[in-house]
Amino acid sequence: MIDGLGVAGWGVGGIEAEAAMLGQPMSMVLPGVVGFKLTGKLRDGVTATDLVLTVTQMLRKHGVVGKFVEFYGEGMGQLPLADRATIANMSPEYGATMGFFPVDHVTLQYLKLTGRSDETVSMIEEYLRANKMFVDYNEPEQERSYSSYLQLDLADVEPCISGPKRPHDRVPLKDMKADWHACLENQVGFKGFAVPKQEQDKVAKFSFHGQPAELKHGSVVIAAITSCTNTSNPSVMLGAGLVAKKACELGLEVKPWVKTSLAPGSGVVTKYLQQSGLQKYLNQQGFHIVGYGCTTCIGNSGDLDESVATAITENDIVAAAVLSGNRNFEGRVHPLTRANYLASPPLVVAYALAGTVDIDFEKEPIGTGKDGKGVYFKDIWPSNEEIAEVVQSSVLPDMFKSTYEAITKGNPMWNQLSVPTSTLYSWDPNSTYIHEPPYFKNMTMEPPGPHGVKDAYCLLNFGDSITTDHISPAGSIHKDSPAAKYLLERGVDRKDFNSYGSRRGNDEVMARGTFANIRIVNKLLNGEVGPKTVHIPTGEKLYVFDAAMRYKAAGHETIVLAGAEYGSGSSRDWAAKGPMLLGVKAVIAKSFERIHRSNLVGMGIIPLCFKPGEDADTLGLAGHERYTINLPNKVSEIRPGQDITVTTDTGKSFTCTVRFDTEVELAYFDHGGILPYVIRNLIKQ
C-alpha cells in the first residue's frame with residue numbers, strides 16, 4: 001500500500017525476509033517498468049474497488065510478473081490517496097512487483113490529514129521538487145520512457161465484481177446474472193461448476209433455528225467486509241454504511257442465515273464509522289465489528305451454522321460468499337462456498353440484502369420495503385456526492401493521531417506476556433503450535449553442491465493457475481486430513497484445530513497441510529477433485545502427504561508438473577517449505593509467479609520452465625513416467641537461465657530453462673537453500 005504514497009517498496013517471500021534479517025542482501029533481475037496512463041475521472045456510483053478490479057484484469061492480461069508498474073497522467077490527480085493505495089495493494093493479484101504512484105498534491109493532502117506537521121510536509125515537497133520527483137499538474141507533462149504502455153479512461157470503469165474463483169475474472173454488474181447462469185452450465189473450471197440443467201433451479205428448504213429458510217445455487221451464505229485492500233478506504237467504508245442506512249430506512253434486512261461480518265484494516269475506521277453515525281445501521285444489518293486484520297479473506301470466517309452447512313452439503317448447493325477482500329481462490333474463503341466473489345464494501349451489503357448473486361440489479365428488486373413495494377439497487381446506492389460529504393465531515397486528523405500514538409503501547413494482554421531471557425529459543429516438545437523445524441539437521445560446514453534429479457516420480461500433475469492457496473492452504477484443517485490425524489493423536493480436540501495459518505510455526509502440521517486444499521485438481525486423479533494423488537509404483541490413491549512419505553521411505557525423489565502462473569496469490573513461504581519437506585526436488589511449469597519462484601530457490605528446489613508453446617500435454621507427459629534432470633556437478637558450470645535436458649524412462653527427452661535468475665541464486669542452490677547459505681556465512685564470520 002505504501003506505493004500509493006510514493007514510497008517505493010514491494011513484498012518479498014518469508015524465506016527472503018528471514019535471510020534479509022540475517023544480513024543477506026536481496027538479489028533480483030532489473031525489472032521492466034510498465035507505464036499505466038490514467039485519464040478522465042470515475043463516473044457517479046463507481047467505486048475504488050470497481051477501478052481496482054478493472055486494473056487487475058488489464059494488467060494480468062498485459063503480463064507484468066516481475067515488473068514495476070508506474071501510474072501517471074492527469075487522471076491520477078483525480079484519484080484520492082486511499083484509492084491509489086487500494087490499487088497498489090492489489091499488486092500480487094495482477095502479478096507486478098509493485099504498482100507505484102509518484103508524489104503529487106494529493107499525497108501531501110493525505111499526509112496532512114493523517115496528522116503530519118506542516119514543516120514535515122513542506123520539507124517533503126521541497127526535497128522532491130529539487131530532485132525532479134514531484135508531479136505538478138500545472139506544469140507541462142513530460143514524456144517518460146517505459147518498457148511498455150497501457151492506458152485507461154477512468155470514465156470507462158463500470159460497477160463490477162470478480163469471480164467466482166480468481167481475482168482477475170471480472171464481471172460487470174449488469175452481466176452478472178447471465179454470467180452466473182453460464183458458470184452453472186460450464187464444465188468445471190475457473191468459470192464453471194457443471195451443474196446439470198435439471199438441477200439448476202433446485203431449492204433446498206430447511207429450518208433455521210425454528211424459522212423456515214431456503215437455499216438455491218448462488219445463495220449468499222457469507223457476506224464479509226474484510227481485507228486491508230478495501231477496509232482502510234474511507235469512501236467505500238462510509239459508502240457501505242450509507243447503503244446499510246438506506247436499507248434500514250426502507251425496511252430491508254439481511255436474512256439471518258447469511259453470515260455477516262466487518263473487519264476493518266485500521267482502528268481509525270471504527271472512529272469514523274461511529275463519528276458518522278453509520279456504524280449502528282451496519283450493526284442492524286449484522287455487520288458488527290468482529291476484529292481487525294485478516295478474517296474471511298484468508299479463510300478465518302469460522303463455521304457456518306450447522307443447519308446451513310447441512311442444507312449445502314446434502315443438496316450439493318453451489319453456495320456463494322461475497323467479500324471485499326482481494327483473493328477468492330478455490331477453497332480459501334470457506335470449504336462450503338464454491339463461488340466466491342470480490343466486491344466493494346457497499347456491494348457486499350447490497351448482495352447480503354439480496355441474499356443471492358443470481359440477480360440483475362438493474363431489473364430485479366433487492367427485496368420488499370416496509371410499504372410492500374419492491375426496493376431496487378438504485379434506491380439504496382449512494383451518490384459520490386453523498387459519500388464525499390460524509391468523508392469530509394467524519395474522517396478527521398485527530399483520529400489518525402490518537403490511533404497511531406497508541407500503537408507502540410501494545411495492549412494489556414500483550415504487555416503481560418512473560419518473555420524468557422535466554423539468548424536461544426527454548427523449544428517446547430509438547431507444543432502443537434511451535435516445533436523445531438528440521439532445516440539445519442545434519443548440516444555440515446561444506447556445501448552439498450548442486451544436485452540433479454534421478455529417476456524421480458511425479459508427485460502431482462497440475463494445470464494452470466495453481467495458487468499458493470492450493471499448495472499450502474491457510475484456512476481450516478479438514479477433519480479427515482493427515483494434519484487432523486496428527487493433532488488428534490496429540491490430544492487436540494477437533495474444535496481446537498484452529499487453522500493452518502495459525503499453526504505455521506509447526507512444520508509437522510504444515511508438511512501434512514501441503515497440497516491439502518480440498519478443491520485442488522491433480523491430473524493424476526482423472527477428474528476427481530481433492531488433496532490426493534496416485535502413488536505410481538502401486539497405483540494406490542493416497543493423501544499427498546502419505547504418498548510423499550512412502551516415496552521418501554523408499555529413497556525415491558519426486559517432482560511436480562504444472563501449467564502457467566504456478567504459485568500465484570499470497571507470498572506464502574510454506575508453499576516452498578512444505579514441498580521441500582515432502583521431498584520435492586524440482587517443479588517443471590509453463591511459468592512461475594515471482595515470489596514463489598524465489599521461494600522455491602530459497603528452499604533448494606529447482607524451478608524449470610517448459611519452452612514456449614510446450615507443456616506436459618503437448619509433450620505427451622502423463623505424469624506416470626520417471627524423470628531425470630541432468631545438471632552439472634559444479635555450480636560454476638551452471639549459468640542463470642541456461643537450457644538443460646530432462647529425460648524420462650519412457651524414452652522422451654525435452655529441453656527446459658532452469659530458472660535460477662542470478663548468480664546469487666546459484667550460490668543458494670549450491671548450499672542447499674538460502675538458510676543454510678546464510679548460517680554457514682554467519683559461522684565463518
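Judged by distance alone, the side chain of Tyr94 and the main-chain N or O of Val65 form no donor-acceptor pair under 3.5 Å. With hydrogens and angles ignored, the 3.5 Å screen pairs no side-chain donor or acceptor of Asp615 with any backbone N or O of Lys590. Between the Asp179 side chain and the Asp175 main chain, no donor and acceptor come within less than 3.5 Å of each other. Of the possible polar contacts, one joining the Lys165 side chain to the Gly189 backbone as a donor-acceptor pair under 3.5 Å is found. Using modelled atom types, one side-chain atom of Asn186 and one backbone atom of Lys191 make a donor-acceptor pair closer than 3.5 Å. Put simply, the side chain of Arg550 never gets that close to the backbone of Phe545: no donor and acceptor are under 3.5 Å apart. At least one donor-acceptor pair under 3.5 Å links the side chain of Thr313 to the backbone N or O of Ala309. For the pair Lys259 (side chain) and Asp303 (backbone), a donor-acceptor distance under 3.5 Å is present. Panel note: side chain Asp493, backbone Lys495; no donor-acceptor pair is recorded below 3.5 Å. Between the side chain of Thr337 and the main chain of Ala339, no donor-acceptor pair closer than 3.5 Å is present.
In this structure, Cys458 and Asn461 have side chains that are in contact, with non-hydrogen atoms separated by less than 4.5 Å. The side-chain heavy atoms of His624 and Leu524, taken from C-beta on, include a pair separated by under 4.5 Å. Looking at heavy atoms from C-beta onward, Thr97 lies in side-chain contact with Arg594 at the 4.5 angstrom threshold. Thr467 is listed as a side-chain neighbour of His470, based on a closest heavy-atom distance under 4.5 Å. Proximity of His168 to Glu93: side-chain heavy atoms (C-beta onward) are nowhere separated by under 4.5 Å. Put simply, the side chain of Tyr457 does not reach to within 4.5 Å of the side chain of Glu625, judged on heavy atoms. Counting only heavy atoms from C-beta outward, the side chains of Val587 and Ile559 never approach each other to under 4.5 Å. In this structure the side chain of Met98 never reaches within 4.5 angstrom of the side chain of Val69, judged on heavy atoms.
Checked by atom type, the side-chain pair Asp201/His217 shows no donor-acceptor distance below 3.5 Å. Between the side chains of Thr295 and Thr226, at least one donor N or O sits under 3.5 Å from an acceptor N or O. Side-chain atoms of Asn522 and Thr533 include a donor-acceptor pair closer than 3.5 Å. A donor and an acceptor atom, one from each side chain of Ser465 and Glu565, are located under 3.5 Å apart. Donor-acceptor pairing under 3.5 Å is recorded for the side chains of Asp507 and His435.
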_Intermediate values then yes/no, side-chain contact (heavy atoms from CB on, under 4.5 Å), Leu621 and Thr648_ = CA-CA 9 Å; Leu621 305 170; Thr648 70; 4.1 Å; yes
*Stepwise, does the side chain to side chain donor-acceptor pair (under 3.5 Å) test hold for Glu16 with Ser598?*
CA-CA 8 Å; Glu16 286 176 295; Ser598 71; 3.2 Å; yes
*Go through Arg503 and Thr432 one step at a time and tell me if the side chain to side chain donor-acceptor pair (under 3.5 Å) criterion holds.*
CA-CA 8 Å; Arg503 292 190 180 271; Thr432 54; 2.9 Å; yes
_Pair Asp469, Asn517 - check side chain to side chain donor-acceptor pair (under 3.5 Å), show working._
CA-CA 7 Å; Asp469 271 289; Asn517 184 306; 5.7 Å; no
*Does the pair Phe497 and Leu488 meet the rule for a side-chain contact (heavy atoms from CB on, under 4.5 Å), with working shown?*
CA-CA 9 Å; Phe497 277 2; Leu488 289 168; 3.8 Å; yes
_With side-chain contact (heavy atoms from CB on, under 4.5 Å) as the criterion, how do Tyr668 and Leu675 come out once you've worked through the C-alpha distance, each side chain's angles and the decisive distance to 0.1 Å?_
CA-CA 8 Å; Tyr668 297 158; Leu675 298 175; over 6 Å; no
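For the atom pair CE (Met580) and CD1 (Ile15), the distance works out to 8.5 Å, reported to the nearest 0.5 Å. Here the CG atom belonging to Leu347 is positioned 5.5 Å from the CG atom belonging to Leu173, to the nearest 0.5 angstrom. The distance from the CD1 atom of Ile471 to the CZ atom of Arg572 is 9.5 Å, given to the nearest 0.5 Å. Expressed to the nearest 0.5 Å, how far OG1 of Thr296 lies from CG of Asn328 amounts to 13.0 Å. To the nearest 0.5 Å, atom CD of residue Glu330 and atom CG of residue Asn340 are 9.0 Å apart. Separating the CG atom in Leu561 from the CD1 atom in Ile466 is a distance of 12.0 Å, to the nearest 0.5 Å.
A salt bridge is defined here as a Lys NZ or Arg NE, NH1 or NH2 lying under 4.0 Å from an Asp or Glu carboxylate O, and Arg338 with Asp316 meets this definition. A salt bridge is absent between Lys585 and Glu557: the closest approach of a Lys/Arg side-chain nitrogen to an acidic carboxylate oxygen does not fall below 4.0 angstrom.
Nearest approach of Pro31 to Gly66, heavy atoms of both residues: CB-O, 3.4 Å. Pairing each heavy atom of Pro531 with each of Ile518, the nearest pair is CD-CA, 4.1 Å. Nearest heavy atoms, Ile222 versus Ser301: CD1-OG, 3.9 Å. In plain terms, the two heavy atoms of Ile605 and Ala576 that are nearest each other are CD1-O, 3.8 Å. Taking all atoms of both residues into account, the shortest heavy-atom contact from Trp574 to Arg504 is NE1-O, 2.9 Å. For the residue pair Gly583 and Thr558, the shortest heavy atom distance occurs at O-OG1, 3.2 Å.
Screening residues 500-544 for ring-ring contact (aromatic ring centres under 6.0 Å, His included), with sequence neighbours left out, gives Phe462-Phe515, His535-Tyr551. For residues 184-204, every residue pair satisfying the ring-ring contact (aromatic ring centres under 6.0 Å, His included) rule, not counting sequence neighbours, is listed here: Trp180-Phe193.
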Side-chain donor-acceptor contacts of residues 472-483 below 3.5 Å, not counting sequence neighbours, with atom names and distances?
unit_1: His478; atom_1: ND1; unit_2: Asp480; atom_2: N; d: 3.2
unit_1: Ser481; atom_1: OG; unit_2: His478; atom_2: O; d: 2.8
unit_1: Ser481; atom_1: OG; unit_2: Ala484; atom_2: N; d: 3.2

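For CG of Asp649, the number of neighbouring non-hydrogen atoms (other residues, nucleotides, ligands) closer than 6.0 Å is greater than 12. For Lys61, the NZ atom is loosely surrounded, since the number of other residues' heavy atoms within 6.0 Å does not exceed 12.
For an aromatic pair to be called close, the ring centres must be under 6.0 Å apart, and His451 with Phe669 satisfies this.
When each of Ile225, Val220, Ile161 is checked for a side chain to side chain contact (heavy atoms under 4.5 Å, CB included) with Val348, only Ile225 meets the rule.
Using cut-offs of 30° and 60° for the angle between ring planes, the Phe654 and Tyr627 rings count as perpendicular.
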